[in-house]
Number of protein chains: 2
Amino acid sequence: MLTNTDKRMAPVKRETFSNQIATNLRRAIISGEIEGGTQITESDLARHFGVSRGPLREAMGQLASEGLIVTIPYTGTRVLKLSPRDIREIHSMRTALETLAFKEIWDHRDAAFARELEARHKVLLATLEMNDHVASSEAEVNLHSLVYEACGHRLLLESWQRIAGRLQLYLAIHQRAHGRRGPIKDAHERYMQLALGDSLELMLAEVEDHMRRGISQLESYLDGLDG
Amino acid sequence: MLTNTDKRMAPVKRETFSNQIATNLRRAIISGEIEGGTQITESDLARHFGVSRGPLREAMGQLASEGLIVTIPYTGTRVLKLSPRDIREIHSMRTALETLAFKEIWDHRDAAFARELEARHKVLLATLEMNDHVASSEAEVNLHSLVYEACGHRLLLESWQRIAGRLQLYLAIHQRAHGRRGPIKDAHERYMQLALGDSLELMLAEVEDHMRRGISQLESYLDGLDG
DNA sequence: AAATGATCGATTGTCAACAATCTTGCCAGC
DNA sequence: GCTGGCAAGATTGTTGACAATCGATCATTT
């Protein structure tokens with residue numbers, strides 16, 4: 001009997017044009033290839049991707065539902081330009097979600113979880129070393145994604161994925177602006193240790209702290225701008 | 001200078017076909033007019049609404065992103081059939097979100113908030129009196145929506161709205177199956193009192209309790225089915 | 001009889017043309 | 001100089017036809 005645990009035996013994924021385009025466009029936005037606030041038009045993108053406006057529209061609908069782009073009827077579409085308020089909201093939202101995720105997974109953590117966490121941590125460290133902001137923002141989100149993937153809460157995972165794009169966008173911008181990789185590295189050492197440790201309470205405190213640090217960092221950045 | 005606080009001065013809403021259809025379809029699903037698991041086809045619905053498949057497809061895309069329907073490429077689309085697992089997930093997710101919402105709003109509650117809360121509570125009581133399951137599930141969701149609308153956290157509101165449909169669907173089914181309106185009424189008396197009270201701690205405890213009661217109710221229902 | 005392969009209807013995916021709407025810039029009139 | 005309206009261009013919204021894929025049914029073969 002064939003079991004489904006081997007990923008090579010997983011059911012094939014139908015990749016419709018819309019999905020492929022959505023994936024590519026998402027990458028382009030998150031990586032900063034298309035700057036925030038830029039206007040994008042369906043016809044141009046359709047030409048660029050070599051498809052008609054139909055599937056492209058659908059892809060844009062997806063990204064719009066993720067908040068990565070904003071469409072005004074009959075007028076135009078622009079890629080998200082993150083405001084300080086957006087960033088504060090992303091931080092607090094993420095804290096609430098990650099708190100739930102750790103509560104859910106805490107008593108179900110196993111060896112595979114620890115192994116995968118270490119693996120993703122290594123990737124993050126490597127990308128930090130190379131100073132590749134896009135790659136390391138992706139690695140950071142990927143590291144944090146694990147707890148959502150592993151906790152077995154589909155709705156929670158879905159909610160996380162809906163804000164993960166915006167978070168990654170922020171991380172990439174932030175690192176590019178004043179990319180001090182030391183704090184990121186330290187923060188994730190702590191994260192790893194606590195996530196594999198014995199105290200849920202300490203882990204949740206770290207999650208909250210992580211948010212507070214992020215917001216205070218944002219605030220001092222804003223003060224430096226116009227203060 | 002004109003401020004934007006007056007709702008009559010808010011920018012007009014463009015209601016495109018897709019949006020109207022999405023709204024109507026959502027209602028039809030949530031109200032149970034279309035049963036869970038039913039297959040729906042784009043052509044049929046397009047004929048029914050008197051539009052072409054394009055806008056209808058877009059509306060279905062929206063509902064799919066809300067989890068109310070599930071589409072398999074080239075194969076078909078079915079409306080969501082809630083599983084016990086879905087319901088457990090909705091409950092825990094909702095608890096996490098509502099906890100954040102009350103933390104955010106607690107020190108900013110004002111007279112208008114209290115007034116609106118009372119108003120929506122009255123509507124809920126009225127619908128319960130009339131034994132209209134669809135209307136009262138809508139009223140219940142509407143009552144709980146206020147804290148999300150008023151807390152000024154756009155991302156949180158967005159996340160709430162994404163699960164509110166599924167929650168309402170569950171509430172309507174649940175009430176129709178064994179509609180005891182007494183407990184609902186009592187629970188919301190408590191909710192009102194605490195939401196307008198002085199202790200955030202007590203309010204959050206109530207939110208958690210509300211979830212626990214919901215899940216244990218679900219569990220005893222399941223036991224009664226196959227036990 | 002069981003397994004394999006072909007056929008057909010149903011359903012979603014894609015396309016290119018057309019319609020509706022918004023924004024911008026210009027011009028006349030005051 | 002300012003206001004109002006009008007026209008042009010750009011952009012999204014909508015349509016109907018065609019293509020690709022799937023699931024079930026039925027014939028074929030071993």
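All of these numbers come straight from a predicted model, not from anything done at the bench. First the proteins, then the strands, lettered A, B, ... as listed; each starts at 1.
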### Summary
Taken to the nearest whole Å, CZ/B:Arg53 to P/C:dT12 is 7 Å
### Query
For the pair made of CZ in A:Phe17 and P in D:dT21, what is the distance, rounded to whole Å?
9 Å
## Note on the structure
Checking D:dT12, D:dT14, C:dC15 against the side chain of A:Thr41 (C-beta onward), the nearest is D:dT12
### Query
Any sub-3.5 Å donor-acceptor pair from B:Asn142's side-chain atoms to B:Ala139's backbone N or O?
no
### Query
Roughly how many Å is it from CZ in B:Phe49 to P in D:dT15, rounded to a whole number?
13 Å
### Message
I need the single residue from B:Leu45, B:Ile30, B:Leu56 that forms a side-chain contact (heavy atoms from CB on, under 4.5 Å) with B:Leu25. Which is it?
### Response
B:Leu45
### Query
Please give, in whole Å, the distance from C:dA10 C1' to B:Ile40 CD1?
15 Å
#### Entry: For A:Tyr170, all residues meeting ring pair (Phe, Tyr, Trp, His ring centres under 6.0 Å), sequence neighbours excluded
A:His91, A:His174
#### Entry: Spacing between B:Asn19 atom CG and C:dT21 atom C1', to the nearest angstrom
15 Å
### Task
Find the distance B:Asp44:CG to C:dT11:P and express it as a whole number of Å.
7 Å
#### Entry: Contacting residues from residues 62-81 of chain B, given that a heavy atom lies under 4.0 angstrom of DNA chain D
B:Tyr74, B:Thr75
### Task
To the nearest Å, give me how far apart CD (A:Glu58) and C1' (D:dT12) are.
15 Å
### Message
Need one value for B:Leu56: base, sugar-phosphate or nothing, where a base atom within 4.0 Å counts as base even if backbone is also close, heavy atoms only.
### Response
nothing
### Query
Looking across every strand, which nucleic acid part, if any, lies under 4.0 Å from A:Glu15 by heavy atom: base, sugar-phosphate, or nothing?
nothing
### Task
Could you tell me whether the side chain of A:Arg94 and the main chain of A:Ile163 form a donor-acceptor pair under 3.5 Å?
no
### Query
Does A:Arg57 have a side-chain nitrogen or oxygen under 4.0 Å from the phosphate oxygens OP1 or OP2 of D:dG13?
yes
### Query
How are the rings of B:His210 and B:His188 set relative to one another: parallel (under 30°), tilted (30 to 60°) or perpendicular (over 60°)?
perpendicular
### Query
Quick one: on DNA chain C, does B:Gln39 or A:Val51 contact a more 5' nucleotide (nearest heavy atom)?
B:Gln39
## Note on the structure
B:Glu42 atom CD is separated from D:dG16 atom C1', nearest whole Å, by 14 Å
### Query
Between B:Arg85 and B:Glu89, does at least one N-O distance fall below 4.0 Å, as a salt bridge requires?
yes
### Query
Are OP1 or OP2 of C:dT14 and a side-chain N or O of A:Thr16 less than 4.0 angstrom apart?
yes
### Query
Is there a side-chain contact (heavy atoms from CB on, under 4.5 Å) between B:Thr127 and B:Glu138 once you walk through the steps?
CA-CA 9 Å; B:Thr127 58; B:Glu138 185 179 336; over 6 Å; no
